Amino acid sequence: MRDYWLSKLFFDLQTPAIAEEYRADRGKVLARYPLKPEVRAAVEADDVAGLSKLANPYLLRFYFLMAGMPEDDFLRRIRSTGTSRG
Amino acid sequence: MAELAGVYAASHGPMIVRNRDKLTTAENETLDSAFIELGRRITAARLNALVVISPDHWVNFFIDNLPSICVGVGEVHDGPPEPWLKAFPHRKLAGHPALAEHIVRTAVGHDFEPSVSYKLTLDHGFCIPLWKSGIAPLPAIVPVTFNVIEPPYPTVKRCYAWGTMLAEAIASYPGKLRVGVLATGGLSHSIGEPDMGRIDEAFDRDCIRRFEDGDAPALLDFLNARLPAAGNGASEVRNWVAAHGAARGRGFELIHYEPIPNVYVGCGFASWKLG
């Protein structure tokens, strides 16, 4: 199951101008998406494991790359989630 | 009538381009030489049109509406949107609407219901193989997207049937064209999953052997059993299965295979025997 608005956020951030805006002011961009409170909290906490249950893995990988998480950090966090997802 | 003049497959991992500076010299040379050999074969086939089967990596479609198969029937397609593909030499790629529409009509006649797009943007899945293989001149492109990145995926049986239909569509096209089919993606890899970075070399080599053998039922049985555990990116082998169908299961000649950890992908390149 995917979280629609989280997925939409990730999808929209593929637009370079929106990504730039997001990196400058996350809150301003997040305010445009009706994210559930727990989902928004997971975004704000860079919770790879939590978000991995809610979005397509390609979009998840793109998001953290776009957001500036170092590759080694992302790999360590995603690998720690332990089980494959569909 | 048109002629199927070549069927090919190539990996398209983004890191081939985006991570080029971090790949070893040997890795870059391996990839370069495989792509160049692929391009030599495609150029030698003197194609007027090339049907390219690739996933759409969240560029044209979203979970609002995600087609299983979509055929690009436009006169022109947009080049890749990825910022790291700015050096790709084509901002626009010519399409072949007449051939594309004939493929759609033939598909419907074979009980497929493909989506149709008059305006596709071709991401790295299409453009890395087209670019790195140095095909010159670039033939008209008929893009076909297979949804192999967000379940539910088309079955491998259905992908094979799409390929056989595609061969019939090309053969029945009422125009003198030399047409190729290029499947992109695969082999094993995992992206954004807990096993990201794992390459299932045993799967890849078994898979290649079955493509070489050309025994389609055995290949499909193998993939039904093994594909789900080979990483989410391995799902792109479905594109290769369609190419296998287009080549009527004649088997392929491997150009090169190498698992390249810095690309995260078991990289494979092949062309089918058309007899």
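Since the structure is predicted, the reported quantities are computational estimates derived from the model, not experimental observations. Residue numbers begin at 1 in each chain, while the letters A, B, ... track the order of the sequences.
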| said: Just verifying a value: how many Å separate B:Leu66 CG and A:Asn56 CG, rounded to the nearest 0.5 Å? | reply: 9.0 Å
| Is there side-chain contact between A:Phe74 and B:Met196, with at least one heavy-atom pair below 4.5 Å? | yes
| remark: The reported gap from OH in A:Tyr4 to CZ in B:Phe62 (rounded to nearest 0.5 angstrom) is 5.0 Å
| So does A:Glu71 have more than 12 non-hydrogen atoms from other groups sitting under 6.0 Å from CD? | yes
| request: Taking A:Arg79 for its side chain and B:Asp195 for its backbone only, find out whether a donor-acceptor pair lies under 3.5 Å. | output: no
| note | For B:Pro83 and A:Pro16, the nearest pair of non-hydrogen atoms, with its separation, is CG-CG, 4.4 Å
| message | With rounding to the nearest 0.5 angstrom, report the CD1 to CG distance, B:Ile63 to A:Leu59. | response | 8.0 Å
| task | Flag yes if more than 12 heavy atoms outside B:Lys22 fall under 6.0 Å of its NZ atom; otherwise flag no. | result | no
| Once you round to the nearest 0.5 Å, how far does CZ of A:Phe62 lie from CH2 of B:Trp58? | 13.0 Å
| note | Cut-off 4.5 Å, heavy atoms of chain A, and the answer for B:Tyr264 is side chain
| field | Nearest atoms (heavy-atom pairs only) where A:Ile78 meets B:Gly192 | value | CD1-O, 3.6 Å
| said: Around atom CD of A:Glu44, are there more than 12 heavy atoms from other residues, nucleotides or ligands closer than 6.0 Å? | reply: yes
| query | Does A:Arg61 come within less than 4.0 Å of B:Glu193, counting only side-chain N to carboxylate O? | reply | no
| field | Heavy-atom closest contact (B:His57 atom, A:Gln14 atom, distance) | value | O-OE1, 3.8 Å
